[in-house]
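The next block holds one structure in the form of structure tokens; read it before the comments.
In this text, all values refer to a predicted model and were calculated from it rather than measured experimentally.
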Amino acid sequence: MAAASHESMNKDPHRYDDMLHLPHHQSATRPHMALSDRAAQFSPFAALVGYDEAVKETARLTDERIELDESSKAMLDDRLHILREHLQERPVISFTHFIPDALKDGGSYITTTGIVKKIDLYSRKIILYADKNMSTRTEINIDDIVAISGSLFQKSGEGECHKITD
């Protein structure tokens, strides 16, 4: 009998009618919460803080550093020698070089083009600027360079055997 009365009570569509028109309760001791704050309490919960970023970082691909053979190293040395002879002309040269990744093994290869200001053999760096105003300075580690190109090498009489393909 108790089960029957329980079922009939659940099926009654008007069982809460007496509460519908009651005034909304406001706490006398706590301040009213703004709607934006109320919405924030229902925002998604990230149980593992930083997990999504860690997954993205793991999925990010890096390139391995290319080990040049002796003939490629000799070609780069030839181009650096020609470049040193023509530094006073402030040539515009493109360098393809390796940038190590700060977070994981490997890195990426980028091509940087600019006006060569100096070749520092002691620190093994090439200093170049993005424009004639010499406003943006870039340093490239000579040991990270895999290709050097520019119109200077076509003018210098350097033969096809010394040309490095990009």
### Query
Tell me, do R79 and S149 make a side-chain contact under 4.5 Å, heavy atoms counted?
yes
### Heavy-atom pair of closest approach, residues L83 and P91
CD1-CG, 3.5 Å
### Query
Taking the side chain as C-beta and beyond, is there a heavy-atom pair between K73 and E70 under 4.5 Å?
yes
### Query
Applying the 4.5 Å side-chain criterion to the ILVMFWY set and letting contacts propagate, would L87 and F95 be lumped into a single cluster?
yes
### Query
Which heavy atom of E64 sits nearest a heavy atom of Y109, and at what distance?
O-CE1, 3.6 Å
### Task
Report the C-alpha separation of I145 and I126 in whole Å, then their side-chain angles, then the decisive distance to 0.1 Å, and conclude whether the side-chain contact (heavy atoms from CB on, under 4.5 Å) test is met.
CA-CA 10 Å; I145 297 172; I126 294 176; 3.6 Å; yes
### Query
Does some side-chain heavy atom of L80 sit less than 4.5 Å from a side-chain heavy atom of I148?
yes
## Note on the structure
CD of E85 to CD of E89, rounded to nearest 0.5 Å, is 10.0 Å
### Query
Heavy atoms, side chains only, cut-off 4.5 Å: are T62 and D105 in contact?
no
### Message
For the OG atom of S72 and the CD1 atom of I66, what is their distance to the nearest 0.5 Å?
### Response
9.5 Å
### Message
Would you compute the distance between atom CZ of F98 and atom CZ of R65 and round it to the nearest 0.5 angstrom?
### Response
5.0 Å
### Message
Any heavy-atom pair between the side chains of V146 and L76 that's under 4.5 Å?
### Response
no
### Query
Would you say K104 has more than 12 foreign heavy atoms packed within less than 6.0 Å of its NZ?
yes
### Query
Should the heavy atoms of other residues, nucleotides or ligands under 6.0 Å from CG of D17 be counted, would the total exceed 12?
yes
### Task
For side-chain contact (heavy atoms from CB on, under 4.5 Å), just list the numbers for V116 and V92, CA-CA rounded to whole Å, side-chain angles, deciding distance to a tenth of an Å, and then say yes or no.
CA-CA 6 Å; V116 179; V92 176; over 6 Å; no
### Query
Can you find a heavy atom in the side chain of D18 that is under 4.5 Å from one in the side chain of L20?
no
### Main-chain N/O of S135 paired to N133 side chain as donor or acceptor, under 3.5 Å
no
### Query
How many angstroms lie between atom OG of S94 and atom CD1 of I110, to the nearest 0.5 angstrom?
11.5 Å
### Query
Hey, does the side chain of R15 reach the backbone of D12 with a donor-acceptor pair shorter than 3.5 angstrom?
yes
### Query
Is it the case that T111 and T96 place a side-chain donor and acceptor less than 3.5 Å from each other?
yes
### Task
Identify whether the distance between the nearest side-chain nitrogen and carboxylate oxygen of D120 and K125 falls below 4.0 Å.
no
### Query
Is the shortest heavy-atom distance from the side chain of I99 to the side chain of H97 under 4.5 Å?
yes
### Message
Regarding R137 and E139, does a basic nitrogen lie under 4.0 Å from an acidic carboxylate oxygen?
### Response
yes
### Message
How long is the straight-line distance from CD1 of I127 back to CD1 of I115, given to the nearest 0.5 Å?
### Response
14.0 Å
### Message
Rounded at 0.5 Å granularity, tell me how far OG in S123 sits from CD1 in I142.
### Response
7.5 Å
### Message
Are I82 and F153 packed together at the side-chain level, in the sense that at least one heavy-atom pair is separated by less than 4.5 angstrom?
### Response
yes
### Query
Going through the distances and angles, do S71 and D69 end up as a side-chain hydrogen bond (donor to acceptor under 3.5 Å, both in side chains)?
CA-CA 6 Å; S71 65; D69 59 17; 3.2 Å; yes
